[in-house]
Structures are given as C-alpha cells and as structure tokens.
Undergrad: 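Below: one structure in structure tokens.
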There are 2 protein chains.
Amino acid sequence: MTGKLSAPPDRAHKTAPAQPEDKPKRGARAVDLRIYRAVFNAVMSQRLPPGTRLAEAELCELYQVSRTTVRRALLRLAHDHILELRPNRGAVVASPAPAEAREVFAARRLLERQIVPAVMRNATPADLTRLRQSIAAEHQACHAGDRANWIRLSGEFHLILAELAGNRVLLGFMTELVTRCSLIIALYDSPGSPMCENDEHQRLVSLIEQGLQDEATDLMERHLLKIEARLRLAERTQKLDLAQALSGQDLP
Amino acid sequence: MTGKLSAPPDRAHKTAPAQPEDKPKRGARAVDLRIYRAVFNAVMSQRLPPGTRLAEAELCELYQVSRTTVRRALLRLAHDHILELRPNRGAVVASPAPAEAREVFAARRLLERQIVPAVMRNATPADLTRLRQSIAAEHQACHAGDRANWIRLSGEFHLILAELAGNRVLLGFMTELVTRCSLIIALYDSPGSPMCENDEHQRLVSLIEQGLQDEATDLMERHLLKIEARLRLAERTQKLDLAQALSGQDLP
DNA sequence: GCGCGGAAACTTGTATACGAATCCTGCCCG
DNA sequence: CGGGCAGGATTCGTATACAAGTTTCCGCGC
C-alpha cells in the first residue's frame with residue numbers, strides 16, 4: 001500500500017479546491033485519511049474482493065486507533081459507494097449489481113459528453129500538456145503490466161478533463177463516478193481482455209486540440225461505451241445466477 | 001417542524017431504491033435521521049441562517065442523544081453541503097459563495113438538459129399525472145404564501161423528473177444539486193421577487209407530453225437560467241462586501 | 001441422522017470520560 | 001488609551017465502557 005500518488009477523493013465538507021496536506025497537519029485528521037486511502041487502494045487493487053467483510057476491531061489493531069476513528073473512515077467509504085454498511089452487521093466491500101453498474105456508466109456518459117465541449121472552451125496549451133503527461137504515465141503502467149495502477153491512472157485522465165471543465169461541483173460528481181467505475185471494472189472486466197486500450201485518450205486530446213468538438217464528443221461517447229461493452233454484465237437475477245452456477249455440479 | 005412530507009435525501013450507503021421507513025424501525029437509526037431532517041428543514045426555511053454555529057452540546061440536549069449520534073448527523077449534513085465542518089471549531093450552516101453558487105447552477109443545468117430527453121423516452125401517462133400533481137401542490141403552497149414549502153416543492157418537481165429519467169445515480173446527483181440550489185435561493189433570492197413563477201413547470205410537462213424534445217429542453221434551460229438570474233449574485237469579495245455594506249452608516 | 005432451540009461469543013451501536021485545541025475575558029504594559 | 005498576552009472556560013477530538021443485536025455452535029428432541 002501507501003502508493004504515493006494514489007488519489008482517493010478528499011472532497012466532502014471542504015469548500016477549498018485544494019490544500020497542501022503533504023504532511024499530517026497536526027496528526028489529527030491524517031489518521032482516518034490513512035485508513036480511507038488504504039481501504040480505497042486495497043479495494044481498487046482487488047486485494048479486498050467485493051463482499052469482503054471489514055470488522056472494525058481488525059482495522060483498530062492494524063492502525064492503532066480507536067473504533068471511533070475507524071467508524072468515521074468506514075462512513076466516508078460507504079458514502080462514496082466503496083463499502084456497504086449493513087446496520088448491526090458490519091461493513092462489506094461493495095459489489096454493485098449489473099443494473100447499478102449500467103446506471104453508473106450511463107450517468108458518466110451523460111456527464112462526460114458535456115464535459116468535452118466545456119474543456120474545449122477553457123483549456124490552455126498548458127492544460128493539454130498536462131493531459132498528455134497523464135497519458136504517458138498511463139502507458140507506462142500499462143507496459144509494466146501494473147493493472148491496478150493502470151485502472152487508476154486511466155481514471156485520473158478523465159478527472160483531469162473534468163477539472164479542466166472548470167466546475168468543481170462537476171469535478172466532485174466525476175470523482176465519484178470514476179471511482180465507482182474503477183470498482184466496477186475491477187469487478188466485471190473479462191479476465192482475458194487486453195489491458196492497453198488503443199490510444200483513445202491520445203486521439204481525444206488531438207481532437208480537442210484541433211477544435212473538432214463534435215468529433216471529440218463522439219469519441220468520448222464511443223470510448224466509454226467500449227469500456228462498458230467489455231464488461232461481463234449479464235443481466236441475470238441473483239437467483240438465476242445461482243441456479244446457472246450450480247447446474248454443472250449436481251450430477252457427479 | 002416535523003413537516004410530514006419533507007424529503008431530505010436518505011441516500012448514501014443504501015443500494016435499495018426505497019424503503020417504507022414510516023415508523024422508526026427499532027428506534028435505532030431513526031434518531032440521527034430525525035436530527036438530520038430537523039436541521040435540514042430549519043436551514044431550508046431560513047430559521048437557521050447561513051453562518052449560524054451549531055454546537056454539539058445544544059443538539060444533544062435538544063434530542064436527548066449522545067454527542068456520538070449528533071456527530072454522525074452533522075457529518076452527513078456536511079457531506080451534503082448543508083453544513084460546513086471546521087476542525088476544532090464546530091459546525092456552521094453553509095454559506096456558499098457566489099462563485100460556488102454559479103457552479104452549482106451550471107452543473108444543474110448541464111444535468112437537467114439531458115434529463116429532459118431521458119424522461120421523454122421513459123415517461124408513461126401515469127408519470128405525467130404525477131408531475132401535474134406535484135405542480136398542483138406547488139401552486140397551493142405558492143398561493144398560501146408559504147415560501148419555505150414552495151421552495152421545497154418546487155425542487156421536488158425537478159426530482160420527480162430526475163426519477164423518471166430512470167437512473168438512480170443521476171437521481172442522487174440531482175438530489176444533491178436541488179438541495180444546494182434551495183439553500184442558495186434561500187440565501188440570495190432578491191427579497192421583493194415574486195414568489196410564484198409563471199407556470200413554466202406546467203408548460204414543460206405539456207411540451208414533454210407533446211413530444212417536442214428540443215422545445216422542452218430549451219424551456220428547461222431557460223427556466224433554470226431565469227431562476228439564477230433572479231439571484232443577487234454580485235461577484236464581489238467578502239471585503240468589498242463589507243465596505244459597501246457599511247458605506248451608508250459611517251457619517252451620522 | 002436431521003432439524004431446531006438456546007446460550008455463549010463476538011460484533012456493532014450508543015453513551016460517557018478525558019485530553020487538546022480554541023475562544024473569551026481581564027489584566028498588564030507600552 | 002489601545003494592543004497584546006495569559007489564564008480560565010468552553011467546545012471539539014479521541015478513547016474507552018457498557019448495552020443491544022447478531023452469529024455461531026452445541027446439545028436436545030424428533
């Protein structure tokens with residue numbers, strides 16, 4: 001853990017856009033931030049698979065803090081749809097159903113479709129450079145075979161775009177959506193699918209640079225649809241799923 | 001208080017779309033829900049003006065619960081941008097700056113622009129009836145001079161629309177946006193502005209019914225812009241604001 | 001042998017206690 | 001007379017203690 005560039009969203013009860021926050025300010029809030037990030041990264045890297053139960057006492061011992069602190073971190077994680085909190089029964093890693101996954105992707109398409117033109121109105125050459133740097137980092141992780149980091153960096157590219165749209169509220173929504181999408185991808189991506197995408201991010205930046213708004217918007221839409229299409233989101237109910245899964249085993 | 005139809009968002013760590021929740025299930029979670037709603041309604045009705053400090057001990061005594069419970073409610077309120085939590089300095093009612101207000105409205109326009117066509121794809125006649133009923137309730141509050149309820153019901157109409165779009169994620173975002181807009185309107189609306197709008201909701205439903213997509217989308221956009229335009233969102237810094245406010249008093 | 005209580009162990013929910021930071025007041029000094 | 005500093009009071013942040021709910025497992029009856 002402790003990937004130094006990991007970027008779990010720090011929003012929530014913060015109006016200011018950004019803060020240094022490099023070193024723990026007073027050793028106060030940094031603690032539950034640490035728990036938040038650790039769980040966040042673990043879930044995203046699939047070290048904590050969906051459905052995993054997170055007992056409070058365990059985390060207490062791991063991080064040497066009281067249950068009060070752990071609880072706050074869990075509450076935030078639940079609010080961001082990374083965990084699910086079941087009353088009196090503890091927290092488990094979220095496992096969004098296919099229907100929910102589709103809705104998350106649909107919402108994301110709806111937002112990003114409109115972010116592209118906003119970026120084109122606002123972006124400076126320096127911003128485009130930033131986007132290209134992000135793409136470079138992404139490719140690097142891709143070629144290194146670091147799947148977890150690739151998923152994260154790939155999401156980060158979209159977050160930079162959202163930031164360039166110049167609306168912090170929108171950026172907050174996109175942060176939540178990208179996070180949830182990453183979780184869904186980690187959950188449902190077909191195992192054998194090729195990790196590297198075919199430079200759609202690169203092409204998108206080019207289209208933005210050239211001012212081709214309709215083409216850029218279109219590419220964004222197709223890009224997101226393609227990602228969703230790769231997922232194994234068979235729309236079966238939990239019951240059928242179970243029946244199907246057992247159908248090959250009951251005759252020895 | 002205890003307006004029986006008040007609808008503070010219950011989302012967050014809940015995957016299920018809706019629950020009865022009429023009576024307190026076990027007296028357990030209902031308590032901090034009660035605090036949440038009470039503060040929510042009080043802020044929206046401007047009984048708690050922006051900047052008001054909410055001491056934890058006060059709420060503890062009012063609701064006869066421990067600080068633990070109050071704290072959780074405050075955390076949720078802060079996450080929904082109704083309060084602002086300042087470390088070691090307590091919670092205050094949020095007072096979004098003009099710049100933030102603009103961003104909230106911009107984000108809302110962006111989403112609702114796309115919600116209209118989605119509604120037109122999904123809505124049944126029964127849904128349109130629901131919308132018209134909501135409008136009726138809104139007009140009633142309007143004519144009764146109940147400004148606080150009118151703001152709330154007026155927002156509820158938009159939430160029904162979001163619900164009819166058939167995407168729960170989107171509905172969650174819209175819930176947050178409508179809430180924040182209500183707070184902003186309560187903050188910045190010009191005092192003398194007429195409370196009743198000129199039946200734009202009614203016309204919107206008609207256009208949706210007739211299948212005139214472009215016209216409906218356009219009306220929605222203009223509707224939201226009109227609301228924003230009515231606000232007193234002078235882009236002045238806090239300092240200038242103060243200087244201006246005192247300029248009429250220092251020469252007796 | 002199988003299913004069904006029931007009690008113990010464990011986990012979560014809530015309240016309370018204590019340490020730390022902030023705010024307020026009054027005093028001292030320039 | 002005004003500004004700054006120190007001490008007390010208040011309020012927040014964290015840890016701990018106790019109560020209530022859930023899970024587990026064992027023993028009993030069928």
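This is a predicted model, so every value here is computed, not measured. Note that these values count all heavy atoms, side chains included, but never hydrogens, waters or copies made by symmetry. Reminder, nothing fancy here: chain letters follow the sequence lines and each chain counts from 1.
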Undergrad: Within this structure, what is the CG-to-P distance between Leu54(A) and dT11(C), rounded to whole angstrom?
TA: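 Leu54(A) atom CG is separated from dT11(C) atom P by 13 Å.
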Undergrad: In this structure, how many angstroms lie between the P atom of dT14(D) and the CD1 atom of Ile35(A), rounded?
TA: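 In whole Å, dT14(D) P and Ile35(A) CD1 are 10 Å from each other.
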Undergrad: Between atom CD in Glu61(A) and atom P in dC10(C), what is the gap in whole Å?
TA: 14 Å
Undergrad: Does a side-chain N or O from Thr69(A) land closer than 4.0 Å to OP1 or OP2 of dA15(D), or not?
TA: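 Indeed, a polar side-chain atom of Thr69(A) lies that close.
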Undergrad: Any chance you could measure Leu170(A), atom CG, to Arg108(B), atom CZ, to the nearest 0.5 Å?
TA: 14.5 Å
Undergrad: Without decimals, in angstroms, what is the distance between Arg89(A) CZ and dA20(D) P?
TA: 21 Å
Undergrad: Out of curiosity, Asn149(B) CG to Glu156(B) CD, how far, rounded to the nearest 0.5 Å?
TA: 9.0 Å
Undergrad: Identify whether any heavy atom of Thr68(B) sits under 4.0 Å from a base atom; if not, whether one sits that close to sugar-phosphate; answer base, sugar-phosphate or nothing.
TA: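 The answer is base, as Thr68(B) lies within the cut-off (heavy atoms under 4.0 Å) of a base atom.
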Undergrad: State which of dT16(D), dA15(C), dT22(C) makes the closest approach to the side chain of Val65(B).
TA: dA15(C)
Undergrad: Return yes if some donor-acceptor pair links the side-chain N/O of Glu176(B) with the main-chain N/O of Phe173(B) below 3.5 Å, else return no.
TA: no
Undergrad: Is it the case that dG13(C) (base atoms only) and Arg72(B) (side chain only) share a donor and an acceptor within less than 3.5 Å, ignoring hydrogens and angles?
TA: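 For Arg72(B), whose side chain was compared with the base of dG13(C), there is no donor-acceptor pair (under 3.5 Å).
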Undergrad: Rounded to whole Å, how long is the line connecting atom CG of Leu75(B) with atom C1' of dG13(D)?
TA: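 Atom-to-atom, Leu75(B) to dG13(D), this comes out as 13 Å.
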Undergrad: Closest to the Arg53(A) side chain: dA21(C), dT12(C), dT14(D)?
TA: dT12(C)
Undergrad: Would you mind reading off the distance between Glu56(A) atom CD and dC10(C) atom P, rounded to a whole angstrom?
TA: 16 Å
Undergrad: Please give, in whole Å, the distance from dG21(D) C1' to Arg86(A) CZ?
TA: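 Distance check: Arg86(A) CZ to dG21(D) C1' gives 14 Å.
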Undergrad: Kindly compute the distance separating CG (Leu77(B)) from CD1 (Ile82(B)), expressed to the nearest 0.5 Å.
TA: 5.0 Å
Undergrad: CZ of Arg67(A) versus P of dT14(D): gap in Å, rounded?
TA: 16 Å
